[in-house]
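Below, read A as the first sequence line, B as the second, and so on, with proteins coming before strands; counting in each chain starts at 1.
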Protein chains: 2
Amino acid sequence: MGTRSIKEVAQLARVSVGTVSNVLNRPEIVSPATRERVFEAIRELGFVRNEVARHLRVGRSRTVGLVVLDVSNPFFADVAQGAEAVADEHDTMMMLCNSAADPDRERRHLDQLEQQRVLGVLITPVDAASPRLAQLTARGTPVVLVDSAATGMQCSVAVDDRLGGQVAAAHLIERGHRRIAFVGGPLSIKQVADRHAGASAAVSASAGEGAELVDFETTALGVAAGRAAGERLAALPGAERPTAALCANDLLALGFLQAMSLRGLKVPDDVAIVGYDDIDFAAAAAVPLSSVRQPRELLGRTAIELLLEEVSSPDEHRHRQVIFQPDLVVRESSKAIRRDA
Amino acid sequence: MGTRSIKEVAQLARVSVGTVSNVLNRPEIVSPATRERVFEAIRELGFVRNEVARHLRVGRSRTVGLVVLDVSNPFFADVAQGAEAVADEHDTMMMLCNSAADPDRERRHLDQLEQQRVLGVLITPVDAASPRLAQLTARGTPVVLVDSAATGMQCSVAVDDRLGGQVAAAHLIERGHRRIAFVGGPLSIKQVADRHAGASAAVSASAGEGAELVDFETTALGVAAGRAAGERLAALPGAERPTAALCANDLLALGFLQAMSLRGLKVPDDVAIVGYDDIDFAAAAAVPLSSVRQPRELLGRTAIELLLEEVSSPDEHRHRQVIFQPDLVVRESSKAIRRDA
DNA sequence: CCACGTCTTTGAGACGATTCAAAAAAATCT
DNA sequence: AGATTTTTTTGAATCGTCTCAAAGACGTGG
């Protein structure tokens, strides 16, 4: 259609294509008069550089793929935001892809990104050990794992989920809770398993005081799953019912909270809740939720910085596994001290 | 790096590059023996087709840009999901871009998409009348407006926001409310203005019964803005205080709801609330929110279908403006009938 | 007026895949 | 076997941009 090429610009400006290219890429080496003439022609024709041809010639893309488990989880939206801010500064485009935790969708996205010869891929993998990821790396597309630890062949940025789970559980124990529910799943998801392991460790450490962890495994990580788990818990007879719930993420926690209020259980008096991720909704919930905060934007920023570093100096680059510390934010939902132990 | 070209495959399989290309694109015209030999070579070398070169030669991209106002608003996540489902079936990739309602970011994204020569752009524009959009269309990149009505030069899919506002307000009036707050802003956003206009119309129609609309304009559409508006409303003396709030979207409604519970006002007894969008969080709120539902996935599906139609038969294509009807979903937050009018 | 630097501009290859007319090979018919 | 048709394979041209060696323009000093 109306798309003009460098050649037409050259013709109109009465210069060679090489000169137009120079104006575009190294304007300072072109004489001011010519430069102006070329700009004029560009304006007149409405010329827009064809990035595809440029990429083919230069052999280096300007776009980075970001594959996340769930675009509608605000946690990932924030990670993306962080990554994009840095990408912007480097004149790089982010391609946001949603795997929806489906390995098949993930694979399709990776295929497409590889075919596009993107500069690199940031990914929160469904399964970090998937051979597809290793293959991608091996074939020359740099990969940075996000929110998931790599084993040395790649860079990664993650948050210490074990520590997060531990701190959260320790907090609940310290507030007097003894029977603590762990709400989350499937445990095949690394993050969930780690948080669980952390909680488990904290509970074991206090086993002498009678602390114990009760698992409420869920099949998904959304609001609905949390609500279902909450109903299950609410249905238990008082003595067996945990007095606190540690949820593997905030969406679960929000659903869980709703179930409590539907069943007439007071939060935090009857049941305390701690979520994970500290998304904006957590603080804004009916009962503001305690939550384990992760540096979301920073996670995204760091991931792309590692990627860009790897790309710009492939030789001296050493893969790094960055791990951030989570922070427990205590709010209403777990503030009260339980006195009936 | 490790990236092999069609030429290397040809060499290894002892055929010409043309044949390899045929195997890739029209395998049926290649003799089985040769075909197998080529596949073998592809496997051995780990060849991945270079989509960039293909695109350059064929002149037709396989990716579509989707620019939304806020990735972290579940409404848009669902729209994206719908669009992606259809794109998938057509072997097309979706490039999700977040303008964050910032005209500048939006412009940058459009620039990049145009440089990439994408197949087309689906966009929820910050300003539908922006000349940049017309320019994109004029230069040959098809544009479909999403959740925003076009004027004839482009296709568009939208939901009747005026009707939505009207139905929501009528519902509140029918439940006995007379002083109704409209929470939302800025009014420069078309969707907000339309919803307001609809509400306004419904209220005017019942002015004889003493209904009136009180504006609580906000500067943003997030949870925080809703909370702030809620506090403003709660601070009013009882007689002046509206008994119902119609919020321009669910995020505002959630924030508003939280403010009510912080200030000790009961929902729906003291103040009824109706949100807009019916995102999953609405049903999952502490008090399940009434909300005006929009066919989110359908919006996305339809948008990309229009785009693909336009692209596949540019000549006979007539631009269409599709408008869907919203549905009011009544839940706890506005169910009660007010008896004190 | 020539030789010699310094700026500018030029234009012929890439880059990797697709296309298509034409050549080659195989199959079918006399 | 030779002619004819059908099936396969070939390879040069092309898409739009960048790169870089080389040519051209210009100014300066001798």
Task: Whole-Å gap separating P (C:dA17) and CG (B:Asn25) - done: 11 Å
TODO: Round to a whole Å and report the spacing from CG of A:Asn50 to P of D:dT14.
DONE: 18 Å
- [ ] Ignoring backbone atoms, establish whether B:Arg49 has a side-chain N or O less than 4.0 Å from OP1 or OP2 of C:dT18.
- [x] yes
TODO: Starting from P on C:dC20, measure out to CZ on B:Arg57 and report it in whole angstrom.
DONE: 8 Å
TODO: Select base, sugar-phosphate, or nothing to describe what A:Val20 touches, counting heavy atoms under 4.0 Å on all strands.
DONE: nothing
Open item on the list: Do B:Met93 and A:Gln116 make a side-chain contact, defined as non-hydrogen atoms from C-beta onward lying under 4.5 Å apart?
Closed with: yes
Task: Value in whole Å for how far the P atom of C:dT9 lies from CD1 of A:Ile29 - done: 8 Å
Task: Closest nucleotide among D:dT19, C:dA17, D:dT10 to the A:Ser21 side chain - done: D:dT19
- [ ] Give the rounded distance in Å between these two atoms: CG of B:Leu56 and P of C:dT18.
- [x] 11 Å
Task: Position toward the 5' end of DNA chain D (nearest nucleotide), B:Gly18 or A:Arg26 - done: B:Gly18
TODO: Measure from CZ on B:Arg4 to P on C:dC15 and round the result to the nearest Å.
DONE: 14 Å
Open item on the list: Nearest 0.5 angstrom please: B:Gln321 CD to B:Thr151 OG1, how far?
Closed with: 7.5 Å
Open item on the list: Output the rounded distance in Å from CD1 (A:Ile6) to P (D:dT19).
Closed with: 11 Å
- [ ] Considering only NZ, NE, NH1 and NH2 on the basic side and carboxylate oxygens on the acidic side, decide whether A:Arg35 and A:Glu28 come within less than 4.0 Å.
- [x] no
Open item on the list: Nearest whole Å is fine: how far is D:dG11 P from B:Asn22 CG?
Closed with: 14 Å
Open item on the list: Tell me whether the side-chain N/O atoms of A:Ser16 come closer than 4.0 Å to OP1 or OP2 in C:dT10.
Closed with: yes
TODO: Establish, with yes or no, whether the OP1 or OP2 oxygen of D:dG16 is under 4.0 angstrom from a side-chain nitrogen or oxygen of A:Ser5.
DONE: no
- [ ] Would you indicate whether the side-chain heavy atoms of B:Val64 and B:Val118 approach each other to under 4.5 Å?
- [x] no
TODO: Would you kindly compare B:Lys7 and A:Val17 by the position of their nearest DNA chain C nucleotide and give the one closer to the 5′ end?
DONE: A:Val17
- [ ] Would you indicate, yes or no, if C:dT9 has its OP1 or OP2 atom less than 4.0 angstrom from a side-chain nitrogen or oxygen of A:Ser31?
- [x] yes
Open item on the list: What's A:Val15 touching, base or sugar-phosphate or nothing? Going by heavy atoms closer than 4.0 Å.
Closed with: sugar-phosphate
TODO: Just compare C:dT19, C:dT9, D:dT17 and give me whichever is closest to any side-chain atom of A:Val30.
DONE: C:dT9
Open item on the list: Quick check: do B:Val68 and B:Leu122 have side-chain heavy atoms less than 4.5 Å from each other?
Closed with: no
